[in-house]
Amino acid sequence: MVQPRFVRPTKSSPSSNSGESNSSNLYVANCGPAVGLSHDAIAAVFAAYGKVNGVYAADDSGVRIIISFADPCSAKSALEALNGRPCPDLKGRSLHIRYSVLQLPSEVNDCVPVSLVDSELNIPGLFLLPDFVSVEEEQQLLAAVDARPWIGLAKRRVQHYGYEFCYGTRNVDTKKRLGELPSFVSPILERMSLFPNFDINSASLDLDQLTVNEYPSGVGLSPHIDTHSAFEDCIFSLSLAGPCIMEFRRYSVSTWKASSADAEKSGDSSCIRKALYLPPRSMLLLSGEARYAWNHYIPHHKVGKVKEKAIRRSSRRVSFTLRKVRNLPCRCKYPQYCDSQQQM
Ligand SMILES: O=C(O)CCC(=O)C(=O)O
Ligand SMILES: [Fe+2]
């Protein structure tokens with residue numbers, strides 16, 4: 001079954017009025033499977049306010065969920081009773097609750113024209129190299145990760161090497177080094193200098209963190225900027241097994257907190273949108289402006305349109321995201337998106 005998609009009501013949305021809403025859906029932060037609270041346990045608490053149609057993961061964090069009530073009055077009562085207070089039946093956790101609205105399929109599918117080459121996007125610091133690995137190397141890399149244990153998230157599977165990536169904080173624990181990167185990525189690391197115009201400081205090329213993502217068809221990734229304080233300038237992503245469309249969004253009004261999908265949900269800031277087709281075996285590099293100021297996003301679609309042709313996602317796409325963990329605060333030129341440079 002396709003999971004419904006929800007967004008927070010915008011200020012101009014007809015369903016919202018000065019923070020009030022007639023939505024029957026609530027966005028609830030600070031509870032979920034990642035803190036030992038099952039969707040059933042959460043549903044039981046909210047059911048005290050009316051019929052609950054469903055509980056859904058709001059994102060991959062495991063601590064943000066959507067409660068869908070049958071009736072808006074139930075949502076209102078639950079919000080008023082539970083928001084901002086410790087909930088004894090949910091391990092005493094304080095719930096942060098807002099209204100959420102169901103996104104219509106037409107809104108989900110409003111796609112931007114998709115480019116096949118990086119230069120067409122005109123985003124400084126974004127590069128795509130097709131055929132970065134051969135078909136044989138692709139098979140070997142897939143076999144190597146398939147021989148190792150996967151970690152199951154709500155909609156996709158992941159593996160972490162070098163340092164573990166924590167989805168709740170979107171950061172790494174620098175004290176928990178898992179070890180060297182596995183030897184199967186060594187040939188890729190040696191090839192990074194193939195990127196043209198490659199005058200980036202070499203410290204950020206000493207890559208020490210690898211996240212392997214396996215996306216089933218139709219599964220994407222919420223818009224985000226990789227946390228500035230977590231990783232250095234260069235972020236590489238190798239696509240294997242299947243293609244995807246990656247969208248890039250630059251929001252005119254944004255804060256670093258907005259990068260964890262909030263920018264998309266808040267709806268109160270306009271953005272420039274561009275999209276690029278990532279074929280299997282290609283390597284993407286996000287650096288400079290592309291890395292620090294643009295959200296990247298993989299739409300949750302099974303079929304995308306590329307140059308008027310429908311492109312069907314294959315049964316899986318596996319990506320290798322290679323980054324360098326940052327040990328000192330970020331000093332980039334984009335303080336509005338930078339958690340290291342926030343004014344208190
Ligand atoms: O799958 C990809 O290519 C991108 C993954 C990504 O953006 C991330 O792990 O932060
Ligand atoms: Fe990312």
Side-chain angles (χ1 to χ4, degrees), residues 59-61 114 118 123 125-130 132-133 138 141-142 145 150-151 153-172 181 185 188 204 207-250 256 258-264 275-301 304 313-314 316-326 330 337 339:
D59 52 37
D60 286 331
S61 65
V114 180
D118 51 9
I123 301 180
L126 184 152
F127 302 96
L128 178 72
L129 288 187
F132 193 83
V133 295
E138 179 185 36
L141 290 167
L142 290 169
V145 291
W150 290 95
I151 301 163
L153 301 183
K155 295 184 215 155
R156 60 182 206 277
R157 299 193 299 172
V158 296
Q159 295 182 14
H160 297 139
Y161 298 95
Y163 292 87
E164 190 176 330
F165 183 77
C166 169
Y167 292 91
T169 57
R170 300 202 53 79
N171 212 318
V172 283
L181 292 189
V185 287
I188 306 174
S204 57
L207 305 168
D208 56 6
Q209 201 274 335
L210 165 65
T211 298
V212 183
N213 276 292
E214 183 202 48
Y215 305 85
S217 171
V219 171
L221 202 62
S222 309
H224 68 281
I225 298 176
D226 288 24
T227 309
H228 288 202
S229 65
F231 302 110
E232 295 277 355
D233 187 358
C234 295
I235 294 177
F236 296 88
S237 185
L238 178 69
S239 293
L240 300 172
C244 79
I245 290 168
M246 188 171 273
E247 191 176 305
F248 299 92
R249 296 180 172 186
R250 178 138 188 197
W256 71 273
S259 56
S260 56
D262 288 3
E264 185 200 32
L276 185 62
Y277 175 69
L278 305 183
R281 297 181 294 285
S282 66
M283 180 71 97
L284 175 76
L285 164 60
L286 301 179
S287 63
E289 182 180 321
R291 181 263 181 273
Y292 289 122
W294 289 75
N295 279 255
H296 49 281
Y297 163 46
I298 302 175
H300 311 259
H301 300 162
R313 290 262 301 269
S314 55
R316 72 190 299 217
R317 169 180 177 261
V318 175
S319 68
F320 282 35
T321 303
L322 286 149
R323 305 177 271 209
K324 162 90 177 111
V325 167
R326 192 185 281 280
C330 178
Y337 308 110
D339 58 315

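Scope of the values below: all heavy atoms of this structure, side chains included, with no hydrogens, waters or symmetry mates. Numbering of ligands and ligand atoms starts at 1, following listing order. A quick note: this is a predicted structure, and the numbers were derived from the prediction, not measured. We count residues from 1, following the sequence as given.
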- Item | Side chain Gln209, main chain Gly162, donor-acceptor under 3.5 Å | no

- Between Ser229 and Asp339, is any side-chain donor less than 3.5 angstrom from a side-chain acceptor? yes

- Under 3.5 Å, side chain of His228 to main-chain N/O of Tyr292, donor-acceptor pair present? yes

- Can you tell me which residue and heavy atom of the protein come closest to atom 7 (O) of ligand 1, and the distance to 0.1 Å? His296 NE2, 2.9 Å

- Query: What is the nearest protein non-hydrogen atom to atom 3 (O) of ligand 1, stated with its residue, atom name and distance?
  - Reply: Ser237 OG, 2.6 Å

- Would you mind running through ligand 1 and noting each atom that sits below 4.0 Å from a heavy atom of Thr321? 4 (C), 5 (C), 9 (O)

- Message: Could you tell me, atom by atom, which parts of ligand 1 come under 4.0 Å of a heavy atom of Met246?
- Response: 3 (O), 4 (C)

- Query: Relative to the Fe ion (ligand 2), which of the N, O or S atoms in His296 is the closest?
  - Reply: NE2

- Message: Return the closest protein heavy atom for atom 10 (O) of ligand 1 as residue, atom name and distance.
- Response: His224 NE2, 3.1 Å

- For Tyr215, the atoms of ligand 1 under 4.0 Å from one of its heavy atoms are 1 (O), 2 (C), 4 (C), 5 (C)

- Item | Mutual orientation of the aromatic rings belonging to His296 and Phe248 [parallel < 30°, tilted 30-60°, perpendicular > 60°] | tilted

- Message: Tell me whether ligand 1 is touched by Arg323 - counting only heavy atoms on the residue side and a distance under 4.0 Å.
- Response: yes

- Query: Do side-chain atoms of Asn213 reach the backbone of Val158 as a donor and acceptor pair under 3.5 angstrom?
  - Reply: no

- Item | Backbone N/O of Asp226 and side chain of Arg291: donor-acceptor pair under 3.5 Å | yes

- Does Leu221 approach ligand 1 within less than 4.0 angstrom via side chain, backbone, both or neither, non-hydrogen atoms only? side chain

- Message: Whether the side chain of Glu289 engages the backbone of Ile123 through a donor-acceptor N/O pair (distance < 3.5 Å, no angle test) should be reported.
- Response: no

- Message: Looking at His301 and Pro299, would you say the former's side chain and the latter's main chain have a donor-acceptor pair under 3.5 Å?
- Response: no

- Task: Would you please test Phe320 and Leu210 for side-chain contact (heavy atoms from CB on, under 4.5 Å) and show each step?
- Result: CA-CA 7 Å; Phe320 282 35; Leu210 165 65; 3.7 Å; yes

- Gln209 and ligand 1 - part of the residue with a heavy-atom distance under 4.0 Å: neither

- Proximal ligand 1 atoms for Arg317, defined as those under 4.0 Å from one of its heavy atoms: 1 (O), 2 (C), 3 (O)

- Note on the structure: Short version for Asp226: what comes under 4.0 Å of ligand 1, heavy atoms counted, is side chain

- Message: Against ligand 1, does Phe165 come closer than 4.0 Å with any heavy atom?
- Response: no

- Ser319 heavy atoms, cut-off 4.0 Å: which ligand 1 atoms fall inside? 1 (O), 2 (C), 3 (O)

- Message: If you consider just the N/O/S atoms, which atom of Asp226 is the closest one to the Fe ion (ligand 2)?
- Response: OD1

- Query: Ring centroid separation for His300 and Tyr215, is it under 6.0 angstrom?
  - Reply: no

- Report the part of Asn213 in contact with ligand 1, treating N, CA, C, O as backbone and CB onward as side chain, heavy atoms under 4.0 Å; options are side chain, backbone, both, neither. side chain

